[in-house]
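Structure record follows, encoded as structure tokens.
Side-chain atoms are counted along with the backbone in the values below, which use heavy atoms only and exclude waters and symmetry mates.
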Amino acid sequence: MKKTTYLPMLILCFGSLFLHAQELVPITKTEVQTKVSEHNTAIKISEEEFTQAQADYRQTNAVFLPNITASHTAMATTNPLMAFGSKLNQEILTANDFSPALLNDPSQIENYATKFEIQQPLINFDGLYQRKAAKSKMDAMSLKTERTQDYLVFEVDKAYMQLQIAYKAMEVLEKALDAANANKKLADDSFKQGYLQRADVLNVEVRVTEIQNQLQTTKSNVQNASNYLSFLMNDKTYVVYIPADELTVSTLTIEDKTISENRSDIKAMQLASNAYEAMNKADKMAFLPRLNAFGSYELYDDQIFQGDANGYLFGAQLSWDIFQGAKRFGKVQKSKSEFEKSKLEYNQYVSQSNLELNKAKRSFLDSKNKLKLSALAMEQSEESLRIRTNRFKEGLEKTSDLLLADTQYAQKQLEYYQTIFEYNYAQAYLQFLTKE
């Protein structure tokens, strides 16, 4: 197989007026991968989604940790019951305060209360399973971030190869344009000498125009590929990149390539299913009673921010929501259905991944065979063009046959480089599918 070589990129750039106005930046695939891992927006979004899931999990610490509040209340009242209670709390009650006249018509009294309260969950079964579900979701989001990074490694491989192919196509077409211009000069000379008809010269000129159009499209492809790399790297400058790495044929063995259940996205699907299962159990546990402890420490005075009198209270509460209409039954039914759906989605996802793997293996083998044939076809068309060019210079070949050979050689070159892209892309996709 003929080895692929990469001509100096600056020669191509000097040959392209379209790119002269652009800033040309050589870049390696490793540099692209590094910048993508550091700046890509999709990775940052995935990391923020993990942070959100982590925050949801931290909220479930309330299942174990106490809820503590503090308050300071100021109050003035002439309400008989409130006035008596305030004096009692302030520990300033005297025998005179039991006079019926004072009890029924007390003077205004001020009361300032500072209160510290604590509530401690003891037994909360549904909360425990909700915490378990939040933990599974957090772990799934972590794996999703990892899979996003894997995908972007694959996407960078593809985008960088597209840039390499675009430059290769431009190289082929520029050579074809040089050859077409040379043929046009020969045709013009032959026409002046009376060896060719005007129609033959026009055919050569059509071929030159055709190559120029193709070359212009290829230059646009170079810009498109560069812009996509800029997008992946989150680079707003949108310069025109030059691939510093050569385009080579990758090698990979596929016999032992299989889909692993440890692949990050598949594990994330399994964890998501586990989260739905835990939520279903949490809804079922909501039928059970809850046990919570509570306590408070209180300071009372008739002056603000003082506390000459104090007292405390503690206890435990067993609460049981026996019936809430059909609300909880409906929640259990819904969460059960979501759990069953997640299991089906997991099986479908694994099955689809295996389907993609088998398809990718066939694509790899097809491109491997096609690569050998396209290399041979390119060599044969090159030799055919060489022979016809020499015969045309000697006046022994028709212009139409030369143009056909020239067109065929350029086409076979482009097909060969496109096949290299397909072959390398198939390998990169196989590695993406089978990564653990």
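Taking the six-membered ring where the residue is Trp, Y425 and F154 present tilted rings, their angle falling between 30° and 60°.
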- Query: Taking it one step at a time, do L128 and K132 satisfy side-chain contact (heavy atoms from CB on, under 4.5 Å)?
  - Reply: CA-CA 6 Å; L128 293 175; K132 186 177 180 180; over 6 Å; no

- How far apart are the C-alpha atoms of L371 and Y416, what are their side-chain angles, what is the distance that settles it, and do they pass the side-chain contact (heavy atoms from CB on, under 4.5 Å) test? CA-CA 7 Å; L371 184 62; Y416 173 67; 3.8 Å; yes

- Query: Between D188 and K192, does a salt bridge (Lys or Arg N to Asp or Glu O under 4.0 Å) hold up when you go through it step by step?
  - Reply: CA-CA 6 Å; D188 289 339; K192 291 176 183 179; over 6 Å; no

- Message: What verdict does the side-chain contact (heavy atoms from CB on, under 4.5 Å) test give for M233 and I27, after you've listed the backbone C-alpha separation in whole Å, the side-chain angles of each residue and the deciding distance to 0.1 Å?
- Response: CA-CA 12 Å; M233 294 184 291; I27 194 167; 4.0 Å; yes

- Query: Run the salt bridge (Lys or Arg N to Asp or Glu O under 4.0 Å) check on E31 and K35 step by step: do they pass?
  - Reply: CA-CA 6 Å; E31 290 174 337; K35 291 182 179 181; over 6 Å; no

- Give the C-alpha distance, both sets of side-chain angles, the deciding distance and a yes or no for side-chain contact (heavy atoms from CB on, under 4.5 Å) between F421 and K158. CA-CA 8 Å; F421 169 80; K158 182 180 73 173; 4.1 Å; yes

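S260 has its side chain out of reach of I266: every pair of non-hydrogen atoms, C-beta onward, lies at least 4.5 Å apart. The closest side-chain heavy-atom distance from N40 to N234 is not below 4.5 Å. Here the side chains of Y241 and L24 are not in contact, with every heavy-atom distance at 4.5 Å or above. Side-chain contact check for K115 versus Y297: every heavy-atom pair is 4.5 Å or farther apart. The shortest side-chain heavy-atom distance between I45 and E49 falls under the 4.5 Å cut-off. L177 is listed as a side-chain neighbour of Q212, based on a closest heavy-atom distance under 4.5 Å. Between Y423 and F364 there is a side-chain heavy-atom pair separated by less than 4.5 Å. Residues Q270 and Y346 form a side-chain contact, since some pair of their non-hydrogen atoms from C-beta on lies under 4.5 Å apart.
Side-chain atoms of Q413 and Y409 form a donor-acceptor pair, as typed in the model, at a separation below 3.5 Å. A donor and an acceptor atom, one from each side chain of Q33 and Y160, are nowhere located under 3.5 Å apart. At a cut-off of 3.5 Å, with distance as the only test, a side-chain donor of Y228 or E155 sits close to an acceptor on the other residue. Defined by atom type and a distance below 3.5 Å, a donor-acceptor pair is missing between the side-chain atoms of R147 and S264. No side-chain N or O of S230 forms a donor-acceptor pair with one of D235 less than 3.5 Å apart.
Nearest heavy atoms, A282 versus Q130: CB-CG, 3.7 Å. In plain terms, the two heavy atoms of K370 and E422 that are nearest each other are NZ-OE1, 3.4 Å. A405 approaches R388 most closely through the heavy-atom pair CB-CD, 3.4 Å. Here the shortest heavy-atom pairing between S335 and N280 reads OG-ND2, 2.9 Å. Nearest approach of A62 to P121, heavy atoms of both residues: O-CG, 3.4 Å. The minimum heavy-atom distance between A134 and Y57, with the atom names listed, is CB-CA, 3.8 Å.
Under 4.0 Å is where a charged nitrogen must lie from a carboxylate oxygen, and between D126 and R290 at least one such pair does. Here R386 does not pair with E382 in a salt bridge; the nearest charged N to carboxylate O distance is not below 4.0 Å. E338 has no carboxylate O lying under 4.0 Å from a charged side-chain N of K341, or vice versa, which leaves the two without a salt bridge. Taking a cutoff of 4.0 Å between a charged side-chain nitrogen and a carboxylate oxygen, D366 and R362 do not qualify as a salt bridge.
Distance alone, capped at 3.5 Å, places no donor-acceptor pair between the S46 side chain and the A42 backbone. In this structure a side-chain-to-backbone donor-acceptor pair under 3.5 Å is missing from N67 to Q119. Remark: the backbone N or O of K359 is not paired with any side-chain donor or acceptor of S363 at under 3.5 angstrom. The backbone N or O of T30 lies less than 3.5 Å from a partner atom in the side chain of T34, making a donor-acceptor pair. Checked by atom type and distance alone, the side chain of Q120 pairs as donor or acceptor with a backbone atom of F64 at under 3.5 Å. Without hydrogens or angle criteria, S384 side chain to Q380 main chain gives no donor-acceptor distance under 3.5 Å.
Within 6.0 Å of the CD atom in Q348, the count of heavy atoms belonging to other residues, nucleotides or ligands does not exceed 12.
Taking OH of Y312 as the reference point, atom OG of S296 lies at 11.0 Å (rounded to 0.5 Å). With values rounded to the nearest 0.5 angstrom, L232 atom CG is found 11.0 Å from N227 atom CG. One finds the OG atom of S351 at 12.0 Å from the CG atom of L344 (value rounded to the nearest 0.5 Å). With values rounded to the nearest 0.5 angstrom, F50 atom CZ is found 5.5 Å from M138 atom CE. Distance check, rounded to the nearest 0.5 Å: CD of Q431 to CG of D150 gives 11.5 Å. Between K331 atom NZ and M279 atom CE the span is 6.5 Å, to the nearest 0.5 Å.
A cation-pi arrangement is absent between K284 and F287, since the terminal nitrogen or guanidinium carbon is not both under 6.0 Å from the aromatic centre and inside a 45° cone about the axis. Geometric assessment of R328 against the ring of F323 yields a negative cation-pi assignment under the 6.0 Å and 45° thresholds.
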